[in-house]
Amino acid sequence: MNTNPHEFRGTTETQQITLRGPAELADALPFMLGFHPSDSVVLVALHGEHGRFGGRVRLGIPRSPKEWPSTAEHLAECMVDNCARRGTRPDGIVVFLCQDPAPGETGRRVMERLRPFAQRLRTACGALDIPVYEALCISDGLYFSYCCPDTTRCCPPGGTPLALTGTSVMAASAAYAGIQVRGSLRDMEARLKPSETGDDERQRKALNEAAAVIVPKILDGPPGVGRAEVRETTLKLAREVLRRYGGPGGEADGPAQTPPAGRGRGAGAAERDAADDALIGPEEAAALILGLQDRETRDRAAEWMEGREGAAALRLWRVLARRCVAPFGEHAAAPLTLAGWVAWSTGDEPAAQVALGLAMDADPDYLFARLLHQACNEGLDPESLRSCLRQERGSRAATAVESRTTARRGGPRGPRPQTAGKGGPTAGTRPGRTSPKPPRGGAARRTGQRGTRSGR
């Protein structure tokens with residue numbers, strides 16, 4: 001690294017941090033992402049003379065080397081396009097390849113196995129006129145540089161141990177700024193995947209039975225009637241279950257209760273998840289999972305996105321995602337997308353990206369997940385979508401109040417006949433005719449099924 005004159009600078013809300021060399025870069029990666037990436041390729045954009053950190057993209061490392069060339073080109077293009085949409089192309093890129101060794105494999109062997117992928121990434125970025133200033137492999141508690149030629153003082157072939165957790169300047173600055181690391185990506189994904197326990201067969205049976213009842217209602221019933229019945233039943237059940245997750249002790253892992261650095265699923269999260277799993281039975285979970293496959297039902301459920309209601313909903317969506325056992329893995333796209341949306345809405349961007357990434361893995365064509373993932377990666381403000389959902393919820397509540405008021409009055413009043421005064425019939429009308437009178441409650445509402453905000 002001695003031949004590289006660049007300093008890389010990250011920023012917090014209160015101060016600027018200068019990182020020198022691959023050791024500090026490797027240590028900074030979890031703080032940039034909010035978790036320790038595992039089995040991931042990460043690209044971080046650099047801007048300006050001193051390499052200020054910018055946008056970043058992360059993707060799982062493809063298992064087949066045949067996919068590496070296309071993946072490298074795709075990641076490089078995504079990085080450049082995302083930065084361009086924010087206003088500036090990157091002046092450089094740092095590449096990270098993070099993967100744990102397989103049984104019997106060493107960190108150095110992982111580094112050598114991934115070297116062709118690192119070279120493909122450097123070539124793909126170079127083809128877009130963006131230099132790769134550093135490419136690091138992180139494996140087995142070591143880091144290796146693909147770019148540094150100094151193998152005696154800086155980057156030995158056997159790798160260099162990572163800094164002890166919490167001892168670097170980046171860790172100290174992040175702690176001061178309130179930035180927390182959630183544990184590993186594997187820990188975070190485990191909270192959203194079936195755990196392959198002895199209860200899987202019960203859940204599988206419940207899903208099959210629910211599908212036999214719910215799917216025919218949607219497909220074979222009168223147009224719109226069966227779907228509407230399933231929607232109202234699903235939402236009613238969801239509201240009932242949601243109350244179980246909103247009681248005392250029902251905290252979520254949102255920004256206000258984010259686990260401290262290093263606490264993942266194995267440090268309390270597994271116990272909390274087990275307690276959440278016990279609050280809903282297999283039949284209830286199956287009915288909700290099948291019901292959420294309807295787009296409008298899912299969009300209505302997305303309105304539970306803030307405060308205690310959002311915290312309770314996040315716990316429920318996680319439970320439902322964990323209940324999507326084989327062969328119902330594709331059905332997890334709906335609860336995973338809702339979990340990602342609530343996490344993003346409540347300010348937990350790392351958790352949102354993980355959940356939305358898993359939703360796209362479950363169903364690559366799930367448009368709602370893809371749109372949310374793109375918006376989250378581009379740093380957009382979720383308030384515009386929150387505002388839209390609040391407005392729809394308010395309009396629906398107002399319509400319900402109007403309907404109840406009309407029902408109490410005995411239904412809408414028809415037009416009353418005009419009576420003639422002393423001067424004869426009312427001006428502008430003929431004897432025996434009545435003048436039209438608008439119905440109470442203002443202009444008539446438009447009818448028809450509400451459209452959805454996304455293709456899925």
Side-chain angles (χ1 to χ4, degrees), residues 8-15 17 19 24-45 52-60 79 82 94-100 136 138 162-163 165-166 168-193 251-269 272 310-311 314 318 336 339-360 372-382:
F8 308 101
R9 295 187 178 179
T11 58
T12 67
E13 294 181 354
T14 58
Q15 67 182 105
I17 306 167
L19 306 178
E24 294 184 358
L25 278 175
D27 179 72
L29 181 60
F31 298 99
M32 288 189 279
L33 298 178
F35 54 86
H36 293 276
S38 51
D39 197 29
S40 298
V41 51
V42 182
L43 271 61
V44 179
R52 175 179 51 83
F53 290 146
R56 47 200 172 272
V57 295
R58 186 202 65 82
L59 189 69
M79 172 60 73
N82 287 346
V94 175
V95 173
F96 298 89
L97 294 174
C98 309
Q99 190 173 75
D100 293 332
L136 297 177
I138 301 175
L162 295 170
T165 302
S168 67
V169 62
M170 183 69 180
S173 300
Y176 179 77
I179 300 173
Q180 297 174 325
V181 178
R182 226 68 58 84
S184 73
L185 173 63
R186 187 178 294 106
D187 293 334
M188 298 177 71
E189 289 181 339
R191 305 193 70 185
L192 300 165
K193 292 182 177 181
E251 74 278 358
D253 293 336
Q257 294 90 18
T258 301
R263 283 189 63 183
R265 183 176 172 84
R272 294 195 300 272
L314 179 57
R318 283 174 172 166
L336 284 169
W341 158 239
V342 176
W344 184 38
S345 175
T346 54
D348 193 350
E349 184 177 315
Q353 291 175 333
V354 171
L356 294 171
L358 289 177
M360 292 186 293
L372 288 175
H373 190 260
Q374 180 179 348
C376 186
N377 282 337
E378 292 180 2
L380 301 182
D381 188 349

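Computed over heavy atoms, backbone and side chain alike; hydrogens, waters and symmetry mates excluded.
- With respect to Cys98, the side chain to side chain contact (heavy atoms under 4.5 Å, CB included) criterion is satisfied by exactly one of Leu29, Leu33, Asp39: Leu29.
- The two atoms that bring Pro30 and His36 nearest to each other are CG-ND1, 3.3 Å, heavy atoms only.
- Considering all non-hydrogen atoms of both residues, Gln353 and Cys376 come closest at CG-SG, 3.8 Å.
- Once rounded to the nearest 0.5 Å, the distance linking CE of Met32 with CZ of Phe96 reads 4.5 Å.
- Minimum heavy-atom separation, Ala352 to Gly340: CB-O, 3.3 Å.
- Partners of Glu189 under the side-chain contact (heavy atoms from CB on, under 4.5 Å) rule, at least two apart in sequence or in another chain, are Leu185, Lys193, Val354, Leu358.
- Considering all non-hydrogen atoms of both residues, Leu380 and Trp344 come closest at O-CZ2, 3.2 Å.
- The main-chain N or O of Ser38 is found under 3.5 Å from a side-chain atom of Ser40 such that the two form a donor-acceptor pair.
- Gly60 and Val41 get closest at one heavy-atom pair: O-CG1, 4.4 Å.
- Contact between Phe35 and Pro350 at its shortest, heavy atoms only, is CD2-CB, 3.9 Å.
- Ile138 pairs with exactly one of Val42, Leu25, Leu162, Leu97 by the side chain to side chain contact (heavy atoms under 4.5 Å, CB included) rule, that one being Leu162.
- Annotation: salt bridge (charged side-chain N to carboxylate O under 4.0 Å, His left out) contacts of Asp100 (sequence neighbours excluded): Arg186.
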When you look at His373 and Met360, which way does the side chain to side chain contact (heavy atoms under 4.5 Å, CB included) test go after all the steps? CA-CA 9 Å; His373 190 260; Met360 292 186 293; 3.3 Å; yes
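- Within the model, atoms CZ of Arg318 and CZ of Arg272 stand 8.0 Å from one another, a figure rounded to the nearest 0.5 Å.
- Between the side chain of Thr346 and the backbone N or O of Val342, at least one donor-acceptor pair lies under 3.5 Å.
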Using side chain to side chain contact (heavy atoms under 4.5 Å, CB included), reason through Val57 and Asn377 one step at a time and then give a plain yes or no. CA-CA 8 Å; Val57 295; Asn377 282 337; 5.9 Å; no
